[in-house]
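In listed order, ligands and their atoms are each counted from 1.
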Amino acid sequence: MKEMVLVSGGAGYIGSHTAVELINAGYDVVVADNLSNADMSGVEGVRKITGVDVPFVEVDCCDKEAFRKVFKQYNFNSVIHFAAYKAVGESVSDPMKYYRNNLTSFLNVLELMREEGRENVVFSSSATVYGEADELPVTELTPRKPATSSYGNTKQICEDILRDVATAYGDLKGISLRYFNPIGAHPSALIGELPRGVPQNLVPFVTQTAAGIRECLSVFGDDYPTPDGSCLRDYIDVVDLAKAHVVAITRMVEGKNKQPYEVFNVGTGNGVSVKELLSSFERVNGVKVNHKIAPRRPGDVVAIWADTTLANEELGWRAERTLDETLKSAWEWEKNVRGIK
Ligand code: WQD
């Protein structure tokens with residue numbers, strides 16, 4: 001019998017790509033999502049790409065009794081928990097919304113898993129837990145810095161909850177994956193990132209500017225102590241990132257994890273500047289992106305990129321798609337969404 005995985009938040013950007021890769025790897029998938037920041041197009045895209053009529057349940061993970069029904073209905077032994085709010089700025093102005101939602105939903109996942117006897121969980125963490133790191137690249141042992149947003153704090157707290165729960169009870173194993181900057185889209189251009197309102201992240205702003213939806217991209221700061229003055233990030237292709245979830249689940253399913261709780265960086269290992277990304281995007285896609293230099297954005301770290309040795313060696317995973325391929329896929333997706341030829 002095939003192993004089944006519950007993907008909470010599976011209608012969203014990273015969740016939908018992960019559902020595809022799980023199915024490609026031979027897993028059965030059930031998607032649960034409250035559609036608060038996604039619509040059914042992600043699930044439809046997964047069905048189209050895989051040819052599998054993936055079951056979907058509209059449910060809020062914060063509603064424990066409704067969520068319990070999903071556990072009763074489907075016999076998954078593993079959960080990948082994406083469902084969470086993720087807007088850094090909003091979390092600063094409305095912290096209660098973030099603490100209530102992101103902590104409650106994860107506590108419900110863990111409680112229900114234990115009550116219903118399910119074993120493996122992957123938590124969507126973030127490089128944001130490192131803050132302005134003292135050493136680069138960051139390894140999993142690089143100390144976390146106090147969070148500068150409530151969003152970032154929920155990532156740290158959920159990591160700690162998972163560590164303690166997996167370590168204390170012996171009935172559940174967990175892996176936190178610390179994503180660097182996920183970008184790009186599935187090569188089919190059937191799923192991708194579809195932010196509501198004005199994009200807060202770089203690549204969706206770039207693609208929307210190229211598509212003529214935004215007038216001008218602001219490059220936030222060009223006087224940072226970096227080679228070209230703009231910030232450095234580790235941009236990880238979303239399909240590569242999705243595959244990291246598959247190997248993390250498989251590691252636990254096969255009992256190959258070395259500790260009940262483990263943490264892995266998921267990045268490329270390369271620091272790329274905002275200006276480099278922008279010029280690569282223009283070059284590979286043959287489009288111009290109207291942009292200007294703007295003041296630094298409060299809260300931005302100067303530079304961060306991953307040491308991926310642990311994921312390479314322990315998970316046998318590494319990023320495969322090049323930045324050029326990824327930026328091409330981001331543009332193909334934007335064009336598909338906007339009906340641009
Ligand atoms: C990348 C670089 C900006 C927009 C955030 C969260 C993180 C994770 C991913 C998600 C920075 C610059 C951006 C623009 C720009 N969370 N930039 N003009 O801030 O590294 O990470 O998103 O759900 O937790 O903190 O990503 O894409 O916003 O910015 O110049 O219009 O692009 O200053 O250097 P960030 P980002």
Could you identify the single nearest non-hydrogen protein atom to [atom] and state the distance to 0.1 Å?
{"atom": "atom 27 (O) of ligand 1", "value": "Leu202 N, 2.8 Å"}
{"atom": "atom 7 (C) of ligand 1", "value": "Ser126 OG, 4.0 Å"}
{"atom": "atom 33 (O) of ligand 1", "value": "Asp300 OD2, 2.6 Å"}
{"atom": "atom 25 (O) of ligand 1", "value": "Val88 CG2, 3.6 Å"}
{"atom": "atom 16 (N) of ligand 1", "value": "Tyr151 OH, 3.4 Å"}
{"atom": "atom 19 (O) of ligand 1", "value": "Arg297 NH2, 2.9 Å"}

With under 30° as parallel and over 60° as perpendicular, where do the rings of [X] and [Y] fit, or are they tilted in between?
{"X": "Phe76", "Y": "Phe71", "value": "perpendicular"}
{"X": "Phe281", "Y": "Trp331", "value": "perpendicular"}
{"X": "Tyr98", "Y": "Tyr151", "value": "perpendicular"}

If the cut-off is 4.0 Å to any non-hydrogen atom of [X], which atoms of ligand 1 fall inside it?
{"X": "Gln200", "value": "4 (C), 28 (O)"}
{"X": "Lys86", "value": "23 (O)"}
{"X": "Val219", "value": "30 (O)"}

Could you work out, for [atom], the closest of [options] by heavy-atom distance?
{"atom": "atom 20 (O) of ligand 1", "options": "His291, Arg233, Lys155", "value": "Arg233"}
{"atom": "atom 34 (O) of ligand 1", "options": "Ala294, Cys231, Ala87", "value": "Cys231"}
{"atom": "atom 4 (C) of ligand 1", "options": "Phe220, Tyr224, Tyr235, Phe205", "value": "Phe220"}

Flag Leu217 as yes when one of its N or O atoms lies below 3.5 Å from any N or O atom of ligand 1, and as no otherwise. no
Would you say ligand 1 has an N or O under 3.5 Å from any N or O of Val274? no
Which part of [X] is near ligand 1, with near meaning a heavy atom under 4.0 Å away: side chain, backbone, both or neither?
{"X": "Asn201", "answer": "both"}
{"X": "Ser218", "answer": "backbone"}
{"X": "Asn181", "answer": "side chain"}

Centroid-centroid under 6.0 Å between His245 and Tyr179 rings: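 That pair passes the under 6.0 Å test.
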Atom pair CD1/CD1 of Ile236 and Ile183 - distance to nearest 0.5 Å: 9.0 Å
Could you tell me whether ligand 1 has any atom less than 4.0 Å away from a heavy atom of Tyr179?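 False for this residue.
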pair [X]-[Y]: side-chain heavy atoms closer than 4.5 Å:
{"X": "Asp300", "Y": "Arg233", "result": "yes"}
{"X": "Tyr99", "Y": "Ser150", "result": "yes"}
{"X": "Tyr27", "Y": "Val7", "result": "no"}

Here's a test for you: under side chain to side chain donor-acceptor pair (under 3.5 Å), which of Glu140, Glu135, Arg144, Arg178 qualifies with Tyr130? Arg178
What closest approach, in Å, do Trp305 and Leu232 show between heavy atoms, and which atom pair accounts for it?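 Result for this residue pair: CZ3-CD1, 4.0 Å.
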Asp63/Lys69 salt bridge by N-O under 4.0 Å criterion: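 A salt bridge is absent here (no side-chain N lies under 4.0 Å from a carboxylate O).
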